[in-house]
Amino acid sequence: MSAPARVLVVDDSPTMRGLITAVLSSDPEVNVIGQAGDALEAREAIKRLNPDVVTLDIEMPNMNGLDFLEKIMTLRPMPVIMVSTMTHRGAEATLAALEIGAFDCVGKPTPGEPRPFGDLAEKVKAAARTQRQFSQRVAAPAPPPAVADFRVGRKIVAIGSSTGGVEALIAVLQKFPANCPPTVITQHMPPTFTKSFAERLNRLCAPVVQEATDGARLEIGKIYLAPGGERHLQVSSASAPCCRLVDRPPVNGHRPSVDVLFDSVAELAGRNAVGVILTGMGRDGAAGLLKMRHAGARTLGQNEKTCVVYGMPRVAHELGAVEQQLPLSAIGEEILKMTAARKEGTE
């Protein structure tokens, strides 16, 4: 058995520090080695205790969590999990933190929530195991890709991601031209965060990026991000392919689930689709990607070296669902190759 993950809890609220500590201490594979009430205390605790993982509140006195995260990533890179309020402002700050290099985020619980910080311990353990260099950052917004001659074919693109997916999706989608193929995405993320993330992607990328709505038609040049929380994203067709938000229990512990999206794309589009599975914990999306491949779709997986967590892509690869494993930097261009119209006509 490996040594427990050693965690430093940083939050200006003694109540919140106590709750986080209690949740983490209930897992025998996690050891809370210290607490800090602000960035100055945290800096000294990091020097003294050398934790494997830090949980970090975004809003704190003296120095806010984002500024302190910048210093951590510059001076002493390590896995940091951000703890944020479930508000629009909190979502914006958390997305900025994930771009700076935070490992993942969790939302602060609301009154009466049955399982506060439900998967925090699992995220802490995954963060402690990863060998990724946390000094890596997302590059500044890239100019529109030089693919003015790209002619889109008839294929739909479906992408699934989880931990590390904010950085990964930015890297992939910044390669897309304004006339990209219709693209649907499920990224595991708290409910209030997906709208802010879609808005952020829309600012950074050439195509239109929006949170998916029920009945929205799939159109060239548009990217649809599954809303977090209550429903799954599927695609279906009556007169034309469109997004459907469906009420179903969580699948693989997630709602929305990547498997639910991939299953629907396999049924609707068959060989006229490309499936992509990016960094993330667990196995969500692996079975659905295999179903897509069996239906004739092209499939890609992010390779281990460039994943924050090589979980979902690993399981998909082991199942035989992945046609090609590629580094993150190559995935966007490969999607375009697979979806471009043939010179003789369209696919």
Side-chain angles (χ1 to χ4, degrees), residues 1-5 7 27 29-30 52-53 73 77-82 97-106 119-139 157-173 175 185-189 251-254 256-259 261-262 274-293 298-335:
M1 180 178 174
S2 59
V7 189
D27 190 313
E29 296 178 15
V30 178
D52 299 320
V53 183
M73 293 301 149
M78 64 176 59
V80 177
I81 296 175
M82 305 305 294
L98 292 169
E99 291 183 47
I100 290 169
F103 178 82
D104 208 338
C105 65
V106 295
D119 60 352
L120 178 57
E122 291 303 317
K123 290 184 177 184
V124 163
K125 291 185 287 186
R129 287 192 298 266
T130 186
Q131 298 300 308
R132 179 172 177 259
Q133 294 297 313
F134 283 86
S135 55
Q136 294 177 358
R137 297 172 181 234
V138 171
V157 177
I159 303 175
S161 52
S162 186
T163 304
V166 168
E167 293 177 87
L169 286 168
I170 291 171
V172 170
L173 299 179
K175 299 287 182 69
I185 299 171
T186 290
Q187 156 72 33
H188 298 154
M189 190 170 272
V251 174
N252 301 316
H254 297 286
S257 161
V258 181
D259 268 332
L261 176 63
F262 284 177
V274 173
V276 183
I277 193 161
L278 301 176
T279 175
M281 291 168 50
R283 60 184 304 119
D284 189 32
L289 193 70
L290 182 62
K291 186 172 181 179
M292 286 186 67
R293 191 172 189 188
R298 309 293 300 273
T299 60
L300 300 172
Q302 187 175 347
N303 69 2
E304 181 174 6
K305 185 176 181 180
T306 62
C307 279
V308 172
V309 179
Y310 186 58
M312 291 158 50
R314 176 186 61 79
V315 178
H317 179 66
E318 291 173 352
L319 288 177
V322 177
E323 178 185 341
Q324 293 184 63
Q325 281 200 115
L326 295 172
L328 181 61
S329 60
I331 289 176
E333 292 174 0
E334 189 62 30
I335 292 171

(request) Report yes or no: does Thr130 contribute a side-chain atom to a donor-acceptor pair with the main-chain N or O of Val309 at less than 3.5 Å? (result) no
(message) Determine whether a donor-acceptor pair (N or O, by modelled atom type, separation under 3.5 Å) exists between the side chain of Lys175 and the backbone of Ser329.
(response)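 At least one qualifying donor-acceptor pair exists.
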(request) Can you measure from OG1 (Thr163) to CD (Glu122) and round to the nearest 0.5 angstrom? (result) 11.0 Å
(request) Just jot down the side-chain contact (heavy atoms from CB on, under 4.5 Å) partners of Ala97, sequence neighbours excluded, or say none. (result)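 So Ala97 forms a side-chain contact (heavy atoms from CB on, under 4.5 Å) with Leu66, Leu69, Met82, Ala102.
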(request) Only counting residues at least two apart or in another chain, list the ones meeting side-chain hydrogen bond (donor to acceptor under 3.5 Å, both in side chains) with Glu318. (result) Arg314
(request) Return the set of residues passing side-chain hydrogen bond (donor to acceptor under 3.5 Å, both in side chains) with Asn252 (not counting sequence neighbours), or none when no residue passes. (result)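 In terms of side-chain hydrogen bond (donor to acceptor under 3.5 Å, both in side chains), with neighbours along the sequence ignored, Asn252 is linked to Asp259, Asp284.
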(request) Indicate the atoms forming the closest heavy-atom contact of Met73 with Pro77, along with that distance. (result)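 Taking Met73 first and Pro77 second, the nearest heavy atoms are O-CG, 3.3 Å.
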(request) Might you point out which heavy atoms bring Phe103 and Ala126 nearest each other, and give the distance in Å? (result)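 That closest heavy-atom pairing would be CZ-C, 3.8 Å.
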(request) Indicate the atoms forming the closest heavy-atom contact of Leu289 with Val322, along with that distance. (result)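 In this case the closest contact between Leu289 and Val322 is CD2-CG2, 3.9 Å.
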(request) Enter the distance from Thr186:OG1 to Ile277:CD1 here, rounded to the nearest 0.5 Å. (result)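 Spacing of OG1 (Thr186) from CD1 (Ile277) equals 11.0 Å.
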(message) Holding to side-chain contact (heavy atoms from CB on, under 4.5 Å), I want the full list of residues that pass it with Lys291, two or more places apart in sequence or in another chain.
(response) Asp263, Ala266, Glu267
(request) For Ile185 and Leu173, run side chain to side chain contact (heavy atoms under 4.5 Å, CB included): C-alpha distance rounded to whole Å, both residues' side-chain angles, the deciding distance at 0.1 Å, then the answer. (result) CA-CA 11 Å; Ile185 299 171; Leu173 299 179; 3.8 Å; yes
(request) Would you check, one step at a time, whether the test side chain to side chain contact (heavy atoms under 4.5 Å, CB included) holds for Phe262 with Leu290? (result) CA-CA 9 Å; Phe262 284 177; Leu290 182 62; over 6 Å; no
(message) Quick check: closest heavy atoms across Leu278 and Ser161, and the distance to 0.1 Å?
(response) CB-CB, 3.8 Å
(request) Nearest 0.5 Å please: distance from the NZ atom of Lys123 over to the CG atom of Asp104. (result)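 So the NZ of Lys123 and the CG of Asp104 are separated by 4.0 Å.
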(message) So for atom NE2, which belongs to His317, do other residues, nucleotides or ligands contribute more than 12 heavy atoms lying within a distance under 6.0 Å?
(response) no
(message) With a 3.5 Å distance limit and no angle check, can you tell me whether Thr279 reaches the backbone of Gly164 through a side-chain donor-acceptor pair?
(response)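 Flag not set: sc Thr279 to bb Gly164 has no pair under 3.5 Å.
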(message) For a quick test of reading the model, state the closest non-hydrogen atom pair linking Gly282 to Val315 and the distance between them.
(response)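 It is O-CG2, 4.0 Å.
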(request) Starting at CG of Leu326, measure out to CD of Glu333 and round the result to the nearest 0.5 Å. (result)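 It is 10.5 Å, given to the nearest 0.5 Å.
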(message) I'd like to check the salt bridge (charged side-chain N to carboxylate O under 4.0 Å, His left out) partners of Arg298; sequence neighbours left out, ordered by chain and number.
(response) Glu323
(message) Let me confirm one number: the CD1-CD distance from Ile100 to Glu167, rounded to the nearest 0.5 Å.
(response) 10.0 Å
(request) List for me each residue that meets side-chain hydrogen bond (donor to acceptor under 3.5 Å, both in side chains) alongside Arg293, sequence neighbours excluded, and say none if there are none. (result)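 Arg293 satisfies side-chain hydrogen bond (donor to acceptor under 3.5 Å, both in side chains) with no other residue.
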(message) Restricting to non-hydrogen atoms, name the atom on Ala5 and the atom on Val124 that form the minimum distance, rounded to 0.1 Å.
(response) CB-CG1, 4.1 Å
(request) Check side-chain hydrogen bond (donor to acceptor under 3.5 Å, both in side chains) between Asp27 and all other residues, then give those that pass, not counting sequence neighbours. (result) Lys125
(message) Suppose we screen for side-chain contact (heavy atoms from CB on, under 4.5 Å). Which residues come up paired with Ser162, at least two apart in sequence or across chains?
(response)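 Ser162 satisfies side-chain contact (heavy atoms from CB on, under 4.5 Å) with His188, Met312 only.
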(request) Using side-chain contact (heavy atoms from CB on, under 4.5 Å) as the criterion, point out the one residue from Thr299, Val172, Ile331, Leu169 that pairs with Val276. (result)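 Of the listed options, the one satisfying the test is Ile331.
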